[in-house]
Amino acid sequence: MNQPISRQAHGLADLTYIPTVAAAPKLFGFEEEKTAVATCYALSGMALMSGLMTRAEWGVFKVLPFKAHIALDFVNSVTALAAPWLFGFAHNEKARNAFLAMGAVGLTAGLLTRPEEMPEYQADEDSDED
C-alpha cells in the first residue's frame, strides 16, 4: 500500500484533529448529548496524550514509539466508530455522523501514514529486537 503521509505530516494532522474532536459538539450541534460530549473530550485527550509522548518531532516526552502512536490512533478511531452504539447516542444523527467521520478520518490517516521511527530512535528499536 502506498503510504504518502510522513511522520511530520501525521503530526500536523494531529494538530488539527485534536482540537476539532474536542470542539465537535459545538461545531456540529450536539452539545445537549452529554455522553457524546464527554466521549469527544476523552478521544481528544487520548490523542493529545499519545501525541505529547510520541518519539516524533512534535513529541514533548518522546517515550512512545511512533508505531505505538499509530496503534493508539487505530484504537481511538475504532472507538469513535463504535461510540454511538456503545454509549447509546446513535439516535442523535448529528453526534452519530460526527463520530463516524472522526473514526473514518482517523483510520484513513493511520493507514496512509508511513510507520517510520525518528532516526535517533531507530537504533534503539533495532537493539530491542536482538
Side-chain angles (χ1 to χ4, degrees):
M1 172 192 276
N2 183 21
Q3 294 174 300
I5 300 175
S6 67
R7 183 182 56 254
Q8 298 87 347
H10 185 97
L12 290 173
D14 278 356
L15 285 175
T16 58
Y17 183 84
I18 293 165
T20 302
V21 170
K26 186 163 188 76
L27 290 172
F28 302 110
F30 59 90
E31 292 174 288
E32 78 291 344
E33 194 69 57
K34 299 303 180 194
T35 304
V37 172
T39 305
C40 282
Y41 293 153
L43 293 173
S44 181
M46 182 179 160
L48 176 62
M49 292 307 298
S50 73
L52 290 173
M53 299 181 76
T54 299
R55 293 179 188 170
E57 292 75 6
W58 68 88
V60 175
F61 302 105
K62 295 186 184 351
V63 295
L64 186 68
F66 185 60
K67 290 175 185 175
H69 173 99
I70 294 172
L72 287 173
D73 283 354
F74 177 79
V75 170
N76 213 15
S77 298
V78 170
T79 301
L81 289 169
W85 294 275
L86 282 176
F87 304 125
F89 57 86
H91 64 279
N92 185 316
E93 187 176 334
K94 292 177 182 178
R96 182 189 65 231
N97 291 345
F99 275 81
L100 292 175
M102 286 180 233
V105 167
L107 281 179
T108 302
L111 289 171
L112 294 178
T113 298
R114 290 188 303 274
E116 298 170 341
E117 301 295 338
M118 284 180 64
E120 56 265 34
Y121 293 104
Q122 189 63 47
D124 292 344
E125 295 293 317
D126 292 341
S127 65
D128 289 344
E129 293 174 5
D130 294 338

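In this chain, residues are counted from 1 in sequence order.
Under the 4.5 Å side-chain heavy-atom criterion for grouping Ile, Leu, Val, Met, Phe, Trp and Tyr, M102 is not connected to W85 through any hydrophobic cluster. Linking Ile, Leu, Val, Met, Phe, Trp and Tyr residues whenever their side-chain heavy atoms come within less than 4.5 Å places L52 and V63 in a single cluster. Put simply, V21 and L15 are part of two different groups of oily side chains (I, L, V, M, F, W, Y) that touch within less than 4.5 Å, one to the next. By the rule that hydrophobic residues join a cluster once side-chain heavy atoms approach within less than 4.5 Å of another member, L48 and M53 end up as members of one cluster. By the criterion of side-chain heavy atoms lying less than 4.5 angstrom apart, applied directly or through intervening Ile, Leu, Val, Met, Phe, Trp or Tyr residues, L43 is grouped together with L27 in one hydrophobic cluster.
A centroid separation of less than 6.0 Å is found between the aromatic rings of F89 and F99.
Checked by atom type and distance alone, the side chain of R96 never pairs as donor or acceptor with a backbone atom of P84 at under 3.5 Å. Side chain of S44 to backbone of I18: a donor-acceptor contact under 3.5 angstrom is found. Using a distance-only test at 3.5 Å, with no hydrogens or angles considered, a donor-acceptor pair links the side chain of K62 to the main chain of G59.
In this structure the side chain of E33 never reaches within 4.5 angstrom of the side chain of P25, judged on heavy atoms. At least one side-chain heavy atom of D73 sits less than 4.5 Å from a side-chain heavy atom of H10. Using a 4.5 Å cut-off on side-chain heavy atoms (C-beta onward), L64 and L72 make contact.
Heavy atoms only, all atoms of each residue included: T16 and P19 are closest at O-CD, 3.5 Å. The heavy-atom pair separating K34 from E31 by the smallest distance is NZ-O, 3.4 Å. When all heavy atoms of T39 and T35 are compared, the pair lying nearest together is OG1-O, 2.7 Å. In this structure, Y41 and A22 approach most closely via the heavy-atom pair CE2-O, 3.3 Å. Residues F28 and A98 approach most closely at CD1-CB, 4.1 Å, considering heavy atoms.
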_Residues V37, E32; criterion side-chain contact (heavy atoms from CB on, under 4.5 Å); working and verdict_ = CA-CA 8 Å; V37 172; E32 78 291 344; over 6 Å; no
*Quick one: do T54 and F61 satisfy side-chain contact (heavy atoms from CB on, under 4.5 Å)? Show the steps, please.*
CA-CA 7 Å; T54 299; F61 302 105; over 6 Å; no
*Report the C-alpha separation of N76 and M46 in whole Å, then their side-chain angles, then the decisive distance to 0.1 Å, and conclude whether the side-chain contact (heavy atoms from CB on, under 4.5 Å) test is met.*
CA-CA 8 Å; N76 213 15; M46 182 179 160; 3.8 Å; yes
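A salt bridge links R7 with E57: at least one charged nitrogen is closer than 4.0 Å to a carboxylate oxygen.
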